[in-house]
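Predicted model only: the values in this text are computed from it and were never measured. Starting from 1, each residue takes its place in the sequence as its number.
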Amino acid sequence: MKIRKLRLDETKPMELLLLADPSPSIIKSYLDRGECYVAELENRIIGAYVLLPTRPHTVELVNIAVAEEHQGKGIGKKLISDAIQNAKKHGYKIIEVGTGNSSINQLALYQKCGFQMVGIDKDFFIKHYQEKIYENGIQCRDMIRLSQDLEGRV
């Protein structure tokens with residue numbers, strides 16, 4: 001598997017990104033401002049993530065997705081690791097990520113990759129998404145915010 005930055009002349013992997021974020025308009029808004037990276041296996045895109053600069057020295061991992069048939073094989077962890085390395089390489093000091101309160105597996109994965117919970121945006125998914133979202137039998141309401149200090153400070 002190879003992970004690389006998506007070229008400007010390439011089609012954005014919307015179908016894949018929609019696995020992690022059900023709103024095409026929200027995805028398009030951050031794709032225009034961020035950088036998209038893709039994971040390829042046998043010349044086929046099977047994963048993607050988007051890094052979005054948010055504040056000086058801070059970048060957010062706003063979308064990370066793995067094709068359903070490739071989930072559970074460690075690809076998500078490799079994409080997160082690549083995102084962290086890219087953030088460091090570009091001089092960012094902090095990388096952030098947000099996920100839904102109902103995204104139990106993602107919460108565990110981010111913490112295994114060194115992220116710590118730093119806050120909750122109450123009712124984020126109620127305010128910003130028209131359709132109700134359910135995962136693991138739980139309504140997705142709140143955005144759980146996680147962060148990692150890339151300079152190793154505690």
Side-chain angles (χ1 to χ4, degrees), residues 1-121 124-125 128-129 135 140 142-154:
M1 183 184 75
K2 179 176 89 171
I3 302 173
R4 64 173 179 82
K5 186 175 174 182
L6 190 71
R7 294 185 312 271
L8 293 175
D9 64 333
E10 289 182 282
T11 304
K12 308 286 193 275
M14 284 299 289
E15 192 171 307
L16 196 54
L17 296 170
L18 283 164
L19 293 174
D21 187 335
S23 173
S25 63
I26 291 176
I27 292 172
K28 287 176 185 167
S29 76
Y30 57 68
L31 271 177
D32 290 343
R33 298 176 288 131
E35 292 185 333
C36 184
Y37 294 81
V38 294
E40 287 181 322
L41 184 63
E42 298 172 358
N43 293 320
R44 186 170 161 255
I45 294 175
I46 61 162
Y49 70 84
V50 179
L51 284 178
L52 177 67
T54 55
R55 295 184 304 283
H57 311 293
T58 303
V59 67
E60 184 175 354
L61 178 57
V62 290
N63 189 313
I64 180 164
V66 176
E68 289 176 348
E69 65 270 21
H70 293 282
Q71 291 178 5
K73 299 177 181 175
I75 295 169
K77 193 170 190 175
K78 288 177 183 171
L79 288 170
I80 293 169
S81 178
D82 191 74
I84 291 167
Q85 292 311 309
N86 269 318
K88 286 179 180 179
K89 184 172 77 176
H90 288 92
Y92 291 104
K93 296 178 180 176
I94 296 170
I95 184 168
E96 300 175 328
V97 67
T99 194
N101 61 285
S102 55
S103 301
I104 296 165
N105 293 333
Q106 293 89 326
L107 279 167
L109 177 60
Y110 294 135
Q111 291 175 86
K112 288 177 187 177
C113 291
F115 286 85
Q116 293 181 297
M117 289 186 221
V118 293
I120 299 172
D121 286 348
F124 178 90
F125 293 98
H128 297 285
Y129 291 80
E135 294 175 290
C140 185
D142 306 320
M143 171 83 72
I144 308 299
R145 294 277 177 193
L146 300 99
S147 180
Q148 185 174 141
D149 185 330
L150 298 175
E151 296 183 318
R153 297 175 303 208
V154 180

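- Of the inter-residue distances, the one linking Glu135 atom CD with Thr99 atom OG1 reads 6.5 Å to the nearest 0.5 angstrom.
- Looking at heavy atoms from C-beta onward, Met14 lies in side-chain contact with Leu31 at the 4.5 angstrom threshold.
- No side-chain donor-acceptor contact under 3.5 Å links Asp142 to the backbone of Asn101.
- More than 12 heavy-atom neighbours from other residues, nucleotides or ligands sit within 6.0 angstrom of CD on Glu69.
- In this structure, the side chains of His90 and Val59 stay at 4.5 Å or more apart for every pair of heavy atoms.
- Looking at Asn63 and Tyr30, their side chains do bring a donor and an acceptor atom within 3.5 Å of each other.
- No side-chain donor-acceptor contact under 3.5 Å links His70 to the backbone of Val66.
- Counting heavy atoms of neighbouring residues, nucleotides and ligands inside a 6.0 Å radius, atom CD of Glu15 does not exceed 12 of them.
- Looking at Pro53 and Tyr92, their side chains come closer than 4.5 Å, going by heavy atoms from C-beta outward.
- The heavy-atom pair separating Ala48 from Leu17 by the smallest distance is CB-CD2, 3.9 Å.
- Taking CG of Asn86 as the reference point, atom OG of Ser81 lies at 10.0 Å (rounded to 0.5 Å).
- To the nearest 0.5 Å, the span separating CD on Gln85 from CD1 on Ile3 amounts to 11.0 Å.
- Here Tyr110 contributes atom OH and Leu146 contributes atom CG; the two are 8.5 Å apart, rounded to the nearest 0.5 Å.
- Atom CG of Asn43 has 12 or fewer neighbouring heavy atoms from other residues, nucleotides or ligands inside a 6.0 Å radius.
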Decide side chain to side chain contact (heavy atoms under 4.5 Å, CB included) for Tyr49 and Asp82; before the verdict, give the C-alpha distance in whole Å, the side-chain angles of both, and the deciding distance to 0.1 Å. CA-CA 9 Å; Tyr49 70 84; Asp82 191 74; 2.5 Å; yes
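- Using a distance-only test at 3.5 Å, with no hydrogens or angles considered, no donor-acceptor pair links the side chain of Gln106 to the main chain of Gly100.
- For the pair Ile45/Glu40, a side-chain contact is recorded, criterion being any heavy-atom separation below 4.5 Å from C-beta on.
- Contact detail for Cys113 and Gln148: the closest heavy-atom pair is O-NE2, 3.0 Å.
- Atom CZ of Phe125 is separated from atom CG of Asp21 by 7.5 Å, given to the nearest 0.5 angstrom.
- Of all heavy-atom pairs spanning Leu79 and Ala39, the tightest one is CD2-CB, 3.8 Å.
- Between the side chain of Ser23 and the backbone N or O of Ile26, at least one donor-acceptor pair lies under 3.5 Å.
- Across all their heavy atoms, Leu51 and Leu61 have their closest contact at CD2-CA, 4.1 Å.
- Across Pro24 and Pro22, no two heavy atoms sit closer than the pair CD-O, 3.3 Å.
- Using a 4.5 Å heavy-atom cutoff, the side chains of His57 and Ile94 are not in contact.
- The residues Glu60 and Arg145 are annotated as salt-bridged, a charged nitrogen and a carboxylate oxygen being separated by less than 4.0 angstrom.
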Can Glu35 and Lys5 be said to form a salt bridge (Lys or Arg N to Asp or Glu O under 4.0 Å), step by step? CA-CA 7 Å; Glu35 292 185 333; Lys5 186 175 174 182; 2.9 Å; yes
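- For the pair Val118 and Ser147, the tightest heavy-atom approach, listed with the atom from each and the gap, is CG1-CB, 3.8 Å.
- Atom NZ of Lys73 has more than 12 heavy atoms from other residues, nucleotides or ligands within 6.0 Å.
- Rounding to the nearest 0.5 Å gives a distance of 12.0 Å between CZ of Arg7 and SG of Cys36.
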